[in-house]
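The structure under discussion appears below in the form of structure tokens.
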Amino acid sequence: MYRVGGKPYPTKILHDKLYELILHEKRLDGRSPYESRPVNIHTNLIDKADGSAQVSMGGTKIIAGIKVDIGSPYPDTPNQANMTVNAELLPLASRTFEPGPPDERAIELARVVDRCIRESKAIDLEKLVYIPGQKVAVIYIDIYVLDYDGNYFDPSVIAAVAALATAKIKKYEVIDGILKLVEGEYTKIPIRRLPVSVNLGLFMDKIIVDPTAIEESALDTSLIIGWSTEDEIAAIQKNTPGRLPFSIVEEAVRVSREVSIKYRKRLIESIAWQLEDTP
Amino acid sequence: MNETVRLFTEDGKRLDGRSFDQMRKVRMEVGVLDKCDGSAYIELGKTKIFAAVYGPKEAHPRHLAQPHRAILNCRYHMATFSVSDRKPAGMTRREIELTKVIKEGLETLIFLEEFPRSAIDVFIEIIQADAGTRTAGITAASLALADAGIPMMDLCAGIAVGKVQGKLVLDPSEEEDKYGEADMPIAIAPRINSIVLLQLNGRLTIDEFKEALSLARRGIESLYELQRKALKNKFAGIEEPEVE
């Protein structure tokens, strides 16, 4: 029914074995198909950064740091702060990651994280404008994959959002049209929503959540669904080759929604995000 | 985003006169370039794209060759003059990402395991960009692969669905994309009923997502027909040589 073709034999054997396990609601690490690995979040571990978070999900570890500078806005958004996301797959994280400029996987990771945060309007970028059209905050979100055991997307989004939500940035005031630093005072990055992403793997007609590296090496296809809130999708990326049958899409959305709620709950617990912060 | 911009006319039509489920004028042609093994040209409104295929051929450099299948090399590239402001030469991060998703979409359909140790090259060149370049690009690339005689499970065709001022529209224009709330490019292989490329930029509810999928599917059915016609245009007249 489905083509597994194109896989070398050891991969095909692994694929078939994993599929057989999933049919029995099992996986190699003992999880059930829709179960994600436990999420651990530590924030503000880098004093020199304006915000930082380290997130682990099983054997995958991510560190995200925030730096905020002053710069000029983009011509098409004079009343918005700038935000850029960069990601690197460090050679520390896996034998398959090599030093050098970000490859297509790292660029994809950065752009998916960017999309989750930007499209969900997680940051109130209008509030970080100091002099409209001239001086705005420039938020740099840098993500490093420290250890890789599959699914670097979900912990990266969680780390980026946790670092943003707990960041303390320098305070500025405008006096006679001139921007001045307020010594010794800090402010928060205004956060409106807490987006999370959910990485799903497909084995033929079955879905698994949060695949490990060994599962990623054998799966038929995978996709990432980013959720801005419980009921709103903000980003999607089909990130590996392979067929995504129409018949499975609705189930994928349903499963990812449930996992996203779990991730967000975990995120709120760990950053003590106060609901009164929402406008 | 910008409330002052109006993207629908009084009678609910889009600014260019289209209805919500109507795509721009499409033109496809197969075999438009000489030196490559297969090629195609597509126009979607003002978007103009060439695609060319080489191979299967020897993989280069040799260490990239795979013992069990061909490798697929792909490049989605925009000409410097294809957009309003000159695009810097070289690959931008956006182009690198789109190259990846297009390559993975095509890889899904090609019987790469038929050509161990070889390589197939696909080049997509955006001559003019006016929204919908990645989807029109993969549509042209799948035609060029067919033109090169590379065995595939199916052709694929792509189109985007946008959300503009609360309404879903097929094949958003540049304006609609810029001021809209969401853009969902998707490529489908209709015969095998599968999605091969799927991205979403922007916010959709679950119901809107489902509706967007079926809107795209209807658009792609008609693109698929046009693809078959374009291939027949080139190949239907050619008769098999008689064997003595």
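Throughout, protein chains are lettered first and strands after them, A, B, ... in sequence-line order, and every chain is numbered starting at 1.
Here A:Glu108 contributes atom CD and B:Thr99 contributes atom OG1; the two are 11.5 Å apart, rounded to the nearest 0.5 Å. Rounded to the nearest 0.5 angstrom, B:Ile96 CD1 and A:Arg105 CZ are separated by 13.5 Å. Note that the CD atom of B:Glu104 and the OG1 atom of A:Thr240 stand 6.0 Å from one another [nearest 0.5 Å]. Put simply, CZ on B:Arg217 and CZ on A:Phe246 are 4.5 Å apart, with the number rounded to the nearest 0.5 Å. A distance of 10.0 Å separates CG of B:Asp207 from CG of A:Asp231, quoted to the nearest 0.5 Å. In this structure, CG in B:Leu197 is found 7.0 Å from NZ in A:Lys238, a value given to the nearest 0.5 Å.
At a threshold of 4.0 Å, the pair B:Glu97-A:Arg115 counts as salt-bridged, since one of the basic side-chain nitrogens sits closer than that to a carboxylate oxygen. Salt bridge absent: B:Lys100 and A:Glu104 never bring a charged side-chain N and a carboxylate O closer than 4.0 Å.
Considering every non-hydrogen atom in both B:Arg93 and A:Asn86, the closest pair reads NH1-OD1, 3.3 Å. Residues A:Pro241 and B:Glu107 share a closest heavy-atom pair of CG-OE2, 3.6 Å. The heavy-atom pair separating B:Ser194 from A:Pro245 by the smallest distance is OG-CA, 4.0 Å. The heavy-atom pair separating A:Ser120 from B:Arg203 by the smallest distance is CA-CD, 3.9 Å.
Ranked by heavy-atom pairs under 4.5 Å with chain A, the first of B:Gln66, B:Glu114, B:Gln199 is B:Gln199. Note: B:Leu204 leads B:Thr205, B:Leu204, B:Leu106, B:Val101 in heavy-atom pairs under 4.5 Å with chain A. For the set B:Glu208, B:Arg94, B:Met91, the count of heavy-atom pairs under 4.5 angstrom toward chain A peaks at B:Arg94. Chain B forms the most heavy-atom pairs under 4.5 Å with one residue out of A:Leu223, A:Ile107, A:Ile225, and that residue is A:Ile107. Between chain B and the residues A:Ala235, A:Cys116, A:Gly226, A:Ala110, the largest count of heavy-atom pairs under 4.5 Å involves A:Ala235. For the set A:Thr221, A:Ile233, A:Asn239, the entry with the most heavy-atom pairs within less than 4.5 Å of chain B is A:Ile233. Of the listed residues B:Val196, B:Ile192, B:Leu213, the one with more heavy-atom pairs under 4.5 angstrom with chain A than any other is B:Ile192.
Within 6.0 Å of atom NZ in B:Lys57, more than 12 heavy atoms from other residues, nucleotides or ligands are found, so the atom counts as buried in its surroundings. Applying the 6.0 Å contact sphere to CD of A:Glu250 captures no more than 12 heavy atoms from other residues, nucleotides or ligands. Within 6.0 Å of atom NZ in B:Lys87, more than 12 heavy atoms from other residues, nucleotides or ligands are found, so the atom counts as buried in its surroundings.
With no hydrogens or angles considered, no side-chain donor-acceptor pair links B:Asn201 and A:Arg111 at under 3.5 Å.
A donor-acceptor pair is defined here as one N or O able to donate and one able to accept, closer than 3.5 Å; such a pair exists between the side chain of B:Thr108 and the backbone of A:Gly242.
For A:Asp114, no part lies under 4.5 angstrom from a heavy atom of chain B. Contacts between A:Arg254 and chain B at a heavy-atom distance below 4.5 Å are absent for every atom of the residue.
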